Amino acid sequence: MPDRAPQPVDRQLPTDEARDLISLVRDIAQREIAPKAAEEEDAGIFPREVFRLLSESGLLGLPYDAEYGGGEQPYEVYLQVLEELAAARLTVGLGVSVHTLASYALAAYGTKEQQVEHLPAMLGGGLLGAYCLSEPSSGSDAASLRTKAVRDGDDWVITGTKAWITHGGIADFYTVMARTGEEGPRGITAFLVPGDAEGLSAAAPEKKMGMKGSPTAQVHFDGVRVSDDRRLGEEGQGFAIALSALDSGRLGIAACAIGVAQAALDEAVTYARGRRQFGRPISDFQGLRFMLADMATQIEAGRALYLAAARLRDAGRPFAKQAAMAKLHCTDTAMKVATDAVQILGGYGYTADFPAERYMREAKVLQIVEGTNQIQRMVIARHLAGPEGR
Ligand SMILES: Cc1cc2nc3c(=O)[nH]c(=O)nc-3n(C[C@H](O)[C@H](O)[C@H](O)COP(=O)(O)OP(=O)(O)OC[C@H]3O[C@@H](n4cnc5c(N)ncnc54)[C@H](O)[C@@H]3O)c2cc1C
């Protein structure tokens, strides 16, 4: 019988360089990330050394300019790297996506001087970033945020609490959206705050259902003083910057979701071929064969959708609607596929002896972060039918 163990995904990549990059990532994922994933997730250990290795390997600044230490890769390549990392361990894939999101405001809106000063360390100098938009009382309605930045001479003084911050308490830099003016989206400004700034502190990490290795914490800004040269973009431009960062960030979440889904499918296929009931492998039963076929089809559709959105972005064309569609479809696919994988493993699927239950717990958060899937539907509908309440 031919060996039908799941093969690596046959990826469409634009260059030999991109193919080499995927090989490098698979090697790191297999040697350094996957072997410790289950144990460290269980114990809530963040793999800081993996992020140092990724930084040294040029994998923490992939979509940014080579001039500042980035990898200058198109999004269609960067996202497939994320997918591979997330398949090995979501904490790592999502962590790279959040770091990339946190670097975006400076890379896209910073001045030349700010970029020269800060970007190389962020993109390849071993630093880890966090993105601070959400607050305890403003999640989906992010424009109602209350953290304040008040001008004091050449400085700004930031006061308030950010919630749900991935890498909160361990990040080296925080991209922070704070209110500097009127209520609503036009009164918000973005700042780059160093992790060791006086007055910045983090609460204990949230006790989460999954991704326990990835610290998510409230971050307190108690009179944190930053000079005006740490303001990113114009005063009042912060919300537009935050949303523009999220258009790209959502593609990262979509790619991570397909990574988790692919890992769950591979697990289900391997198990179904090995497990025998009624004298035959359970993979012989049409009830399961059709489930596997549907899982694989949804994954391929999701990959095609996020890549189509990425290729629009790479071509400099509008992609926000497609990014929301990709986030919605890919994360719903991850949830469905991971749930079905647990079903295919039967009772064993419900135990921590197999990774299927971890994939199921991890998939859930992807339907919530960077705009819940209800919010993605609102974004898509706005593109179709215009703003609500006109
Ligand atoms: C593990 C984790 C990591 C995170 N990392 C970060 C991070 O690094 N940085 C950051 O800034 N934030 C982060 N977040 C926050 C995340 O983006 C928010 O949780 C998310 O935006 C939802 O906000 P909320 O939790 O306040 O829910 P709410 O906004 O209170 O929503 C509650 C429910 O109401 C629904 N809802 C709200 N408004 C509408 C509407 N108009 N129509 C229909 N339904 C609606 C939502 O879809 C949801 O189902 C993280 C969250 C988690 C769980």
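Predicted, not measured: the structure shown is a model, and the values here were computed from it. Both counts, for ligands and for their atoms, begin at 1 and track the order of listing. Start at 1 with the first residue, then count along the sequence.
Taking atom 49 (O) of ligand 1 as the reference point, the nearest protein heavy-atom neighbour is Gln374 OE1, 3.6 Å. Nearest protein heavy-atom contact of atom 53 (C) of ligand 1 is Val365 CG2, 3.8 Å. Here the heavy atom of the protein found nearest to atom 40 (C) of ligand 1 is Met378 SD, 3.7 Å. Taking atom 9 (N) of ligand 1 as the reference point, the nearest protein heavy-atom neighbour is Tyr131 O, 2.8 Å. Among protein heavy atoms, the minimum distance from atom 13 (C) of ligand 1 is reached at Trp164 O, 3.1 Å. Regarding atom 2 (C) of ligand 1, its nearest protein heavy-atom neighbour is Val369 CG1, 3.6 Å. Atom 26 (O) of ligand 1 has Gly139 CA, 3.2 Å as its closest protein atom, hydrogens excluded (heavy atom only). With hydrogens left out, the protein atom closest to atom 39 (C) of ligand 1 is Ile375 CD1, 4.2 Å, a heavy atom.
For ligand 1, the atoms closer than 4.0 angstrom to any heavy atom of Leu133 are 11 (O). Listed by number with element, the atoms of ligand 1 under 4.0 Å from a non-hydrogen atom of Glu370 are 17 (O). Distances below 4.0 Å separate heavy atoms of Thr216 from the following atoms of ligand 1: 1 (C), 2 (C), 3 (C).
With respect to Glu83 and Arg303, a salt bridge is recorded, a charged nitrogen being found less than 4.0 Å from a carboxylate O. At a threshold of 4.0 Å, the pair Asp314-Arg311 does not count as salt-bridged, since none of the basic side-chain nitrogens sits closer than that to a carboxylate oxygen. Note on Asp42 versus Lys212: no salt bridge recorded, every NZ/NE/NH1/NH2 to OD/OE distance being 4.0 Å or above. Using a 4.0 Å cut-off between charged nitrogen and carboxylate oxygen, Arg52 and Glu56 do not count as a salt-bridge pair.
Test His220, Glu135, Gln218 against Lys162 for side chain to side chain donor-acceptor pair (under 3.5 Å) and you get one pass: Glu135. Just one of Glu84, Glu362, Glu41 meets the salt bridge (charged side-chain N to carboxylate O under 4.0 Å, His left out) condition when paired with Arg89; it is Glu41.
Proximity of atom 34 (O) of ligand 1 to the protein is not indicated, since no non-hydrogen protein atom lies closer than 4.0 angstrom. For atom 30 (O) of ligand 1, the protein comes within 4.0 Å by no heavy atom at all.
Residues Pro63 and Gln73 have side chains not in contact (no heavy-atom distance under 4.5 Å, counting atoms from C-beta outward).
The N/O atoms of Ser134, backbone and side chain alike, include one that comes under 3.5 Å of an N/O atom in ligand 1.
Here the shortest heavy-atom distance to atom 47 (O) of ligand 1, taken over Thr166, Asn373, Ile368, Thr372, belongs to Thr372. With atom 36 (N) of ligand 1 as the reference point, the heavy atom nearest to it among Gly371, Ser140, Ala171 is part of Ser140.
Contacts between Glu206 and ligand 1 below 4.0 angstrom, taking non-hydrogen atoms only, are absent altogether. Of the heavy atoms in Lys208, only side-chain atoms (C-beta onward) come closer than 4.0 Å to ligand 1.
The ring of Phe173 has its center closer than 6.0 angstrom to the ring center of His99.
Counting only distance, with no hydrogens or angles, the side chain of Arg179 and the backbone of Glu182 share a donor-acceptor pair below 3.5 Å.
Taking the six-membered ring where tryptophan is involved, the planes of Phe51 and Phe46 are essentially parallel, since the angle between them stays under 30° and well short of 60°.
Here Cys256 contributes atom SG and Leu94 contributes atom CG; the two are 5.5 Å apart, rounded to the nearest 0.5 Å.
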